[in-house]
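Just so you know, these numbers use all the heavy atoms, side chains as well, and skip hydrogens, waters and symmetry mates. Numbered from 1 within each chain, the chains take letters A, B, ... in sequence-line order.
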Amino acid sequence: MTTQALPDLGEVDYIRAGGGPWSWEWLKTTDHKRIAIMYLLMIVAFFFVAMTLGLLMRAELLKPGTQFLDGAAYNRVLTLHGVIMICLFIIPSIPAIFGNFALPIMVGANDVSFPRLNLASWYFYVAGAVLALWSVGAGGVDTGWTFYVPYSGNTDANVVLPMLAAFLLGWSSILTGLNMITTVHRLRAPTMGWRQMPLFVWGIYATSWIAVLATPVVGITLVLVLFEKFFGVGIFNASMGGDPILFQHMFWIYSHPAVYIMVLPAMAVVSEIVPVFSQKRIFGYRFIAVSSIAIAAIGSLVWAHHMFTSGMADEGRIIFSFLTFFVSVPSAVKIFNWLATMYKGSIRIELPMLFAFAFMFLFSIGGFTGLQQAALSVDIHIHDTSFIVAHFHYTMFGGTGTMFFGALYYWWPKMFGRMYNKTLGMIGFVLFFVGFNTLYFPLFIAGLKGMPRRYQDYLAEYQGYHELSTYGSWIIATGLILLVLNLIGCMRWAKWWGSDAETNPWNAASLDWRVPSPPPVHQFHEEPIITDGPYDYDIPHLGDDDSKAAPAEVQA
Amino acid sequence: MSNAAAHDDHHAHYGVPGYDPVAWKMGMWLFLFTELLLFGAVFIAYAVYLETYTWHFTVGSAQLSIPIGTFNTLVLLTSSLTMALSIAALQRGKKELSIKLLDMTVACAGLFCVVKAFEWGAKFEHGIYPGSEHLLAMARGEQMFFGLYFTMTGIHALHVIIGAALILWVRARIKSGAVSTERITFLDNIGLYWHLVDLIWIFLFPLIYLVA
Ligand code: HEM
């Protein structure tokens, strides 16, 4: 594709159209861009709620002994933090916001295949969110976000509400996934071949398949736990002949693929950002696209590595261990491809690119420590220690969370037509990155030395690590607050800083950067004609071998 | 675009999702996958416990009435037939016939549920229902069997009821003309859903009634 803008017909943009930004019309809209913005508001709000809970826990852990959260309260805060971060923040974040906003434009469509269903997904999300909050009002839940039986079946806490919440949120992501898959198949511009789709589209496409195929399993699993609560059907209850381990299997059959629901979209964003800010065609397009699908496939077969210590046949453990090692291969393929893309590129250090660097660094640490746990003998020692806490924060937060913020910086100019203050953004980024490592790295070491996870108290010898970690949590929180302030402050109605964004501030080549910023309600009046790939930047002086290697007719 | 006339034709509508039978079908199939996986998970649980408690499952299964189960199977199979015929009728433009066949499908669904209710009722009378003292006094394997029996047939019956409601909805839409020979996909999709509900029963029946 070229980087030329489509003609701007001077139409009113999607924000100002139909009642303007502050009207109730939004709640009835079927415009994919408006739905994306509604998700954005909810998801960012919930992130900050859960971040506050995380800060509370960290503050409690500053010193040994009880500060202001006793054991029971800590468990409740912990569960709520986990449930919100997983179900309300990280799973829907990139697919629901940027998938909705950018994917249809990137494939040259004016909306998703089922716009009303899309709105319904948003309402499912809201309903799930309301139930989750309601459960706090009803006394909170102390099971941990995994709802393991038998405890979740016996506890006095009201587990029904968060389970129903998780069920509804699952449906929300299934329906979004269904919409994305059909959109890619049916509404893609007729001249755009599969190999001309931007990699972001590939990533969301693979994610959607996992969401559609894996989510129902956890849905029914939670329903079965509820049947036990309400009707006394003890499918997982040992005293009634059931097997609690089966719950763990069924839970992780979904929830492990779910970690790829979390990370694939983030990788998809990196694959978009790295070539744009290197102004060089992506290296190994096909490998990246296929590795997404490979991760989706292999990732469905590794669930039991969460259960190495739960009681399982040795053969089973060895197989799952092997598969777990194996699933890291496609992820590594991507990392090498990004590095090769940057090689000899003309790299511009902008905020999205910085976040992509941070992703590669943090996610690699998360990935390598994941391999350590895939080794059975090691896992026995570090299972259920704060090593795990550090590991999953590095992957989920350092990976997907980071890229969520990167994607915000990348698409913000397109979404709202305003460019933020870059200096402020840099300061926020440094605080984020330094804070992140200060917050979580000490937990690796404390975990190796035996600090268990989900504990509100600890022995004095761990205090140094915990103190450091808590200071880190303050640094990262400052960075994130700066980030949000920066984005709010540049909006049209605030204008504390920032400037109007151009159509294509990054010189990107995918279709989303060729429609006006912010786009009109109907971004395409005619079929966009795709003649070349999504990473062909027309900058003639950039004559390095790689980007010239493929002659133009290849893409015709 | 080379063809300017075609170009103008598409002008106002380009890329706006409208009536696209292929997309609707695709969406429906994706939805059916989720249903299959949902039941699939319960089937896995069933398989695990059948392996653990083979003998108790046999004993439990022997307490169910095979004739009633067979009867209900036939009822559902018939309903699948009438559903397929109804689609065929509308394809040929026979609106009245199509509606009549849908009525028969709903009647079958109703009959199925009534029979099921009697079957459950009879079990309840014998003191066999989840959480009952009688059941809790039974062997664990039998408890598990009946737990699964009520869970699986219950979730399935729920699907039958939802399916019947959907059929009534599409019936109303055929009546009003919103679904017609030219725009038949909605009926097609409801038909697919109904066949799935039927198919799941075909698996449930031998699993639950014919354990030997
Ligand atoms: C500033 C941000 C954050 C802080 C300060 C924070 C802090 C914490 C702390 C202190 C714990 C408890 C560890 C334990 O005692 O075992 C925890 C658990 C957890 N966090 Fe975070 N976290 C943050 C962000 C995130 C994000 C972005 C995610 C998800 C993507 C996340 C997901 C989780 C999960 C799943 C748990 C485990 C809950 C459980 O054990 O049931 N956190 N976090």
Residue I174(A) versus chain B: region with a heavy atom under 4.5 Å:
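The side chain, not the backbone.
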
Any idea which heavy atoms bring I220(A) and V42(B) closest together, and the distance?
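Nearest pair, atom of I220(A) first, then V42(B): CG1-CG2, 3.5 Å.
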
Shortest non-hydrogen contact from T182(A) to G27(B)?
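Reported closest heavy-atom pair: CG2-N, 3.8 Å.
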
Using a 4.5 Å heavy-atom cutoff, which residues in residues 45-66 of chain B come close to chain A?
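So far as heavy atoms go, A45(B), V48(B), Y49(B), Y53(B) are the residues that approach chain A to under 4.5 Å.
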
What do the steps show when you test T34(B) against T215(A) for side-chain contact (heavy atoms from CB on, under 4.5 Å), and what is the final call?
CA-CA 8 Å; T34(B) 69; T215(A) 319; over 6 Å; no

Do other residues, nucleotides or ligands put more than 12 heavy atoms under 6.0 Å from the [atom1] atom of [X]?
X	atom1	answer
W194(A)	CH2	yes
Y123(A)	OH	yes
F203(B)	CZ	no
F124(B)	CZ	yes

Residue among V212(A), L175(A), L117(A) with most heavy-atom pairs under 4.5 Å to chain B:
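With the most close heavy-atom pairs to chain B, the winner is V212(A).
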
Flag the pair T151(B) / L224(A) as yes when at least one side-chain heavy-atom distance between them is below 4.5 Å, and no otherwise.
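Result yes, sub-4.5 Å side-chain heavy-atom pair found.
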
Starting at NE2 of H185(A), measure out to CE of M26(B) and round the result to the nearest 0.5 Å.
5.0 Å

Could you check L37(B) against L213(A) for side-chain contact (heavy atoms from CB on, under 4.5 Å), going step by step and ending with a plain yes or no?
CA-CA 7 Å; L37(B) 282 149; L213(A) 294 180; 3.5 Å; yes

Structural part of I155(B) lying under 4.5 Å from a heavy atom of chain A
side chain

Select, from F39(B), F150(B), W24(B), F146(B), the one with the greatest count of heavy-atom pairs under 4.5 Å involving chain A.
W24(B)

